[in-house]
J.: 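Pasting a structure below so you can have a look.
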Amino acid sequence: MFKKVLIANRGEIALRVIRACRDIGVRSVAVHSTADADALHVRFADEKVCIGPPPARQSYNNIPALISAAEVTGADAVHPGYGFLAENAEFAEVVQKCGLHWIGPQPELMRLMGDKVSARKAMEAAGVPVVPGSPIIETDHQAEEAVERIGLPVIIKATGGGGGRGMKIVENKTRLLAQLASARAEAQAGFNNPAVYLERYIGAPRHIEVQVLGDGSAAIAMGERECSIQRRHQKLIEEAPSVALDDARRVELLRTARKATAAIGYRTVGTLEFLLDEEKHFYFIEMNTRIQVEHTVTEAVFGVDLVREQMRLAAGDPLRLHPDMRPRGHAIEVRINAEDPVTFAPSPGLITALNLPGGPGVRVDTHIYAHYRVPPYYDSLLAKLIVHGENRHVALARLRRALGEVVVEGIKTNVELHKRVIDHPDFIAGRFDTHFLERL
Ligand code: MV4
């Protein structure tokens, strides 16, 4: 195992990684911008290094500063968390070229999956159903031909995009070429890559993802997560398992994900994202090559420390988890964000009073504390509240109780939005898709 891990991140995930390190006797190095000098990850790590000014470009995304911090502290591995450089294949390569271990998959696979068209191709070759679609569209003629074959509506996606950014729905052939041109321009501006492709647009899908682990040859699928409750491509509530799958569909989905992960020789932890249509057919859309925000619901129902497993697999250990582990009960995570409940604008500032919930079946992963000042420079996630119970009904009752115990004063949060969602009859009945919050 590694001796000392540098965590190239901040906030709750930096703390989460520090905790996994401490549990197995690995030393941790926090890095921080000047805006985060009083952050909890800095206080709880064994060592700390200031890597630059507040803007992420000059600190958490600053590769030379991160490598220097690893070198001066004698770290032997780098954990990227999520966001920032977590899915940057170039950073992973630089880490490895500097003689450090990368706590993530092979950089070639990060590059393969970072390109959404090559990811689709690799998954199709591995026997995974993908949404009917096109290769990269070079000409207007190719776009028209693809639409003939796929049928309307289609969705234009950026090859270099992902997570929902830069997508356009085409309902009508008369607007196809104009939307294609504007999608290319946005893709160039947003991802420095104008390449786009088409997929059949699935109107009211559920977003379901599978947690996978691999050791380079064997793989397992550690259940699925239901992630349909989102707005503007930011997930707000995630659950494990999904109420949308019956046993037969679940077995098929998990077997498919496991086979694909093994087929590409994937190492460490990852997530295969699927859309589930109204007929309950599942289609691969993207693979995330990082630990995800919502990994905690999988941890709750499987009783596994996924960050510890990720570190073991990165250190070259073989998979030692049983390939058909069964989940126990039901878990739900809500993301508590610092945001205005009306405008959804970020709401940074001083937390003047704080109470976090506890009790049976309740976990809170957060970096905030009373009198902490939420800086305006980074994402608005304040805390993840995760509840677990023997079934969804019990988990929901605990979530309602736990949300009632939350006090965050001085800044605005989305706690009241969460209360409204979990009291909605359709949410309680499990009747929802990715458009649920638009209708709320
Ligand atoms: C789709 C889709 C429908 N059909 N792909 C991909 C990333 C995820 N964050 C959203 N994604 C979608 N991909 C196909 N083929 C619907 C979504 C989607 C969505 C798209 C546009 C606007 C809002 C959306 C909300 C949820 C899901």
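As the structure lists them, so they are numbered: ligands from 1, and atoms in each ligand from 1. Keep in mind that this is a model prediction, so the values were computed, not measured.
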J.: Which of the atoms of ligand 1 are close to V131, meaning less than 4.0 Å from one of its heavy atoms?
T.: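 Contacts of ligand 1 toward V131, numbered from 1: 15 (N).
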J.: Which protein non-hydrogen atom lies closest to atom 16 (C) of ligand 1, naming both residue and atom, and how far is it?
T.: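 Closest protein heavy atom to atom 16 (C) of ligand 1: Y201 CE1, 4.0 Å.
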J.: For E294, is there an ion pair with K384 - N to carboxylate O distance below 4.0 angstrom?
T.: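 E294 and K384: not salt-bridged.
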J.: Check whether F427 forms a cation-pi arrangement with R439 (NZ or CZ under 6.0 Å from the six-membered ring centre, at most 45° off the ring normal).
T.: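 Cation-pi check for R439 and F427: fails.
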J.: With no hydrogens and no angle check, do the side chains of S33 and Y378 hold a donor and an acceptor under 3.5 Å apart?
T.: yes
J.: Looking only at N/O atoms, are K157 and ligand 1 under 3.5 Å apart anywhere?
T.: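 There is such a contact, yes.
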J.: With heavy atoms under 4.0 Å as the rule, classify the contact between E273 and ligand 1 as side chain, backbone, both or neither.
T.: neither
J.: So which heavy atom in the protein is nearest atom 7 (C) of ligand 1, and how far is it from that ligand atom?
T.: G164 N, 3.5 Å
J.: Distance under 4.0 Å to a non-hydrogen atom of E199: what atoms of ligand 1 satisfy this?
T.: 5 (N), 14 (C), 15 (N)
J.: Among T256, L272, V128, which one satisfies side chain to side chain contact (heavy atoms under 4.5 Å, CB included) with T261?
T.: L272
J.: Suppose we measure from atom 22 (C) of ligand 1 to each protein heavy atom; which comes out shortest, and what is that distance?
T.: H233 CE1, 3.9 Å
J.: Which option wins on minimum heavy-atom distance to atom 12 (C) of ligand 1: E438, M167, R200?
T.: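 Residue with the shortest heavy-atom distance to the ligand atom: M167.
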J.: For ligand 1, note which part of I202 has a heavy atom under 4.0 Å away: side chain, backbone, both or neither.
T.: both
J.: Using 4.0 Å as the upper bound for N to carboxylate O, is an ion pair formed by E286 and K157?
T.: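 Judged by the 4.0 Å cut-off on N to carboxylate O distance, K157 and E286 do not form a salt bridge.
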J.: Looking at ligand 1, would Q230 count as a contact under a 4.0 Å heavy-atom criterion?
T.: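 Yes.
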J.: Using 4.0 Å as the upper bound for N to carboxylate O, is an ion pair formed by K173 and E148?
T.: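 Salt bridge present between E148 and K173.
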J.: Is there a donor in the side chain of Q211 and an acceptor in the side chain of T298, or the other way round, less than 3.5 Å apart?
T.: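 The answer is no; no qualifying pair exists.
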J.: Of all the atoms in ligand 1, which lie at a distance below 4.0 Å from a heavy atom belonging to L275?
T.: 1 (C), 2 (C), 3 (C), 4 (N), 5 (N), 13 (N), 14 (C)
J.: Can you name the residues that form a side-chain contact (heavy atoms from CB on, under 4.5 Å) with V42, not counting sequence neighbours?
T.: H32, A39, K48
